[in-house]
Asks: 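Mind looking over this structure? Questions follow.
Because only heavy atoms are used, hydrogens play no part in the values below, and waters and symmetry mates are left out as well, while side chains stay in.
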Amino acid sequence: MTNRRQPFGRTLCAMITPFTEAGTLDLEGARQLAGRLVAQGCDGLVLNGTTGESPTTTDTEKAELVAAVREAVGEDVTLVAGVGSAATRHTIEGALAAEKAGADAVLVVTPYYSRPPQEAVEAHFRQVADASGLPVMLYDIPGRTGTRIEPETMIRLAEHPRIVAVKDCSYDFLGTQKVLAHTDLAYYAGCDEHVLALYAVGAAGCVSTVANAAPGPIAAILDAFDAGDTARATELQLRATPLIEAMMGAGLPGTVTAKALLARLGLPAGPVRAPLLPAGREAADGLLARYETLAAP
């Protein structure tokens, strides 16, 4: 087993934000879902991220969600709260609110749309990290933000004592390995198809969207690797691939597919918020079929 730095545990779920049928925040549903995820293998939960529909939830809703989930799972489960926005000042306000609501750490995405240069990206993250007492997980997802956190920038940011981890959706495996080789940042695979591959080169674990519906199978991949059974770990990653593809690679956002599958399983989910639209019946049927295949003994 690789000696890993795992500040937030190993298997984290990028949890959806349940809504009522009327579209309001479903705090009881969030408590139920969080409890299930922890009971079935998640070491921690990432709230108010992209999968949690952070662009369409209010600051008040975000804080209420963190507080409700903290109440449900207790103090021993790591809660990472997404606070990223396009504005540094707003991001800092979100970090302070998350700290007050009971989060253990914050997830901070690269400022989007304005496409700041690397000097500005670095300054943004440093200002947020300086503003609160919480550890920071950087979120590198250029496909959504339009801007990479370049490896050289990541290496410099690793010098900050509160910047400790990365959720990696860069699809730059070489750049990721470069940062892993030159820093002690804890990398978490943010793309479910990379869970095993990134773990094999020293990542801390994963932040999984697929774990909303299948926390056990995702955790089992890393269990097998930690036990030294790399062949079994590979088998489990490949067995999960059809569901990963259906949820993350079929042209619908992971939020949409996760909520559709959870609804079919009778678990808290509710509708997505506009501008997202719900998955159609055919897509939901396909998700359930692939889930049942994965869940079968």
Asks: Count the heavy atoms belonging to other residues, nucleotides or ligands that lie under 6.0 Å from CZ of R273, then report whether that count exceeds 12.
Replies: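 Enclosed: over 12 neighbouring heavy atoms sit under 6.0 Å from CZ of R273.
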Asks: Is the distance between the ring centroids of H194 and Y171 under 6.0 Å?
Replies: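 Yes, close enough.
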Asks: Show your working on side chain to side chain contact (heavy atoms under 4.5 Å, CB included) between F8 and M137 and close with a plain yes or no.
Replies: CA-CA 10 Å; F8 309 131; M137 177 186 282; 3.6 Å; yes
Asks: I need the minimum non-hydrogen distance between G205 and L222, along with the two atoms involved.
Replies: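 Minimum heavy-atom contact is CA-CD1, 4.2 Å.
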Asks: Determine, for D104 against R70, whether the closest basic-nitrogen to carboxylate-oxygen distance falls under 4.0 angstrom.
Replies: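 Salt bridge between D104 and R70, a charged N being under 4.0 Å from a carboxylate O: yes.
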Asks: With side chain to side chain contact (heavy atoms under 4.5 Å, CB included) as the test, would you mind laying out the steps for K259 and F19 before giving the verdict?
Replies: CA-CA 10 Å; K259 283 195 164 183; F19 298 131; 3.1 Å; yes
Asks: Could you check whether any side-chain N or O of T255 sits under 3.5 Å from a backbone N or O of T50, counting only pairs where one atom can act as donor and the other as acceptor?
Replies: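 Pair found, side chain donor or acceptor close to backbone of T50.
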Asks: With a 3.5 Å distance limit and no angle check, can you tell me whether Q6 reaches the backbone of A204 through a side-chain donor-acceptor pair?
Replies: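 Checking the backbone N and O of A204 against the side chain of Q6, a donor-acceptor pair under 3.5 Å is found.
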Asks: Set out, in order, the CA-CA distance, both residues' side-chain angles and the distance that settles side chain to side chain donor-acceptor pair (under 3.5 Å) for T88 and Q127, then state yes or no.
Replies: CA-CA 8 Å; T88 301; Q127 288 176 52; 5.1 Å; no
Asks: Could you tell me whether the side chains of N48 and S54 share a donor-acceptor contact shorter than 3.5 Å?
Replies: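 Checked: N48/S54 side chains show no N/O donor-acceptor pair below 3.5 Å.
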Asks: Checking side chain to side chain contact (heavy atoms under 4.5 Å, CB included) for the pair Y187/T176: CA distance, chi angles, key distance, verdict?
Replies: CA-CA 8 Å; Y187 261 71; T176 293; 3.5 Å; yes
Asks: Should I149 and V166 be counted in the same cluster of Ile, Leu, Val, Met, Phe, Trp and Tyr side chains packed under 4.5 Å apart?
Replies: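 Yes, one cluster joins them.
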Asks: What closest approach, in Å, do I92 and A131 show between heavy atoms, and which atom pair accounts for it?
Replies: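 Scanning both residues, the minimum pair turns out to be CG2-CB, 3.5 Å.
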Asks: With side-chain contact (heavy atoms from CB on, under 4.5 Å) as the test, pick out the partner of L12 among L107, I218, V80.
Replies: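 Checked L107, I218, V80 against L12; only one passes side-chain contact (heavy atoms from CB on, under 4.5 Å): V80.
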Asks: Is a side-chain N or O of R290 found less than 3.5 angstrom from the main chain of P242, in a donor-acceptor match?
Replies: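 Indeed, once roles are kept as given, a pair shorter than 3.5 Å links the two residues.
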Asks: Whether the side chain of R5 engages the backbone of A186 through a donor-acceptor N/O pair (distance < 3.5 Å, no angle test) should be reported.
Replies: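 Absent.
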Asks: What pairs with D140 under salt bridge (Lys or Arg N to Asp or Glu O under 4.0 Å), at least two apart in sequence or on another chain?
Replies: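 Applying salt bridge (Lys or Arg N to Asp or Glu O under 4.0 Å) to D140 gives R148.
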Asks: Passes side chain to side chain contact (heavy atoms under 4.5 Å, CB included), K62 versus L65? Steps please.
Replies: CA-CA 5 Å; K62 289 178 173 69; L65 180 67; 5.9 Å; no
Asks: Could you tell me whether E93 and R89 have a side-chain N and a carboxylate O separated by less than 4.0 Å?
Replies: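 Answer for the salt bridge query: no.
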Asks: Between Y139 (side chain only) and G49 (backbone N and O only), is there a donor and an acceptor less than 3.5 Å apart?
Replies: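 Absent.
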Asks: With S208, which of T11, D192, I221 fulfils side-chain contact (heavy atoms from CB on, under 4.5 Å)?
Replies: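 For S208, the side-chain contact (heavy atoms from CB on, under 4.5 Å) test succeeds with only one of T11, D192, I221, which is D192.
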Asks: What are the two closest non-hydrogen atoms of E53 and T17, and how far apart are they?
Replies: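 In this case the closest contact between E53 and T17 is OE2-O, 4.1 Å.
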Asks: Any ion pair linking D223 and R232 (charged N to carboxylate O, less than 4.0 Å)?
Replies: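 Salt bridge between R232 and D223, a charged N being under 4.0 Å from a carboxylate O: no.
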Asks: I'd like to know if R4 pairs up with D184 as an ion pair, taking the criterion as any Lys NZ or Arg NE/NH1/NH2 lying under 4.0 Å from an Asp or Glu carboxylate oxygen.
Replies: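 Here R4 does not pair with D184 in a salt bridge, since their nearest N and O are not under 4.0 Å apart.
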Asks: Does a salt bridge link K178 with D172, judged by any charged N lying under 4.0 Å from a carboxylate O?
Replies: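 Between D172 and K178 there is no salt bridge, as every charged N stays at least 4.0 Å from the carboxylate O atoms.
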Asks: Quick one: does any side-chain atom of Q237 pair with a main-chain N or O of L196 as donor and acceptor, under 3.5 Å?
Replies: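 Yes; judged by distance alone, with no hydrogens or angles, the pair exists.
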Asks: Can you tell me if T183 uses its side chain to pair, donor with acceptor, with the backbone of V179 under 3.5 Å?
Replies: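 At least one qualifying donor-acceptor pair exists.
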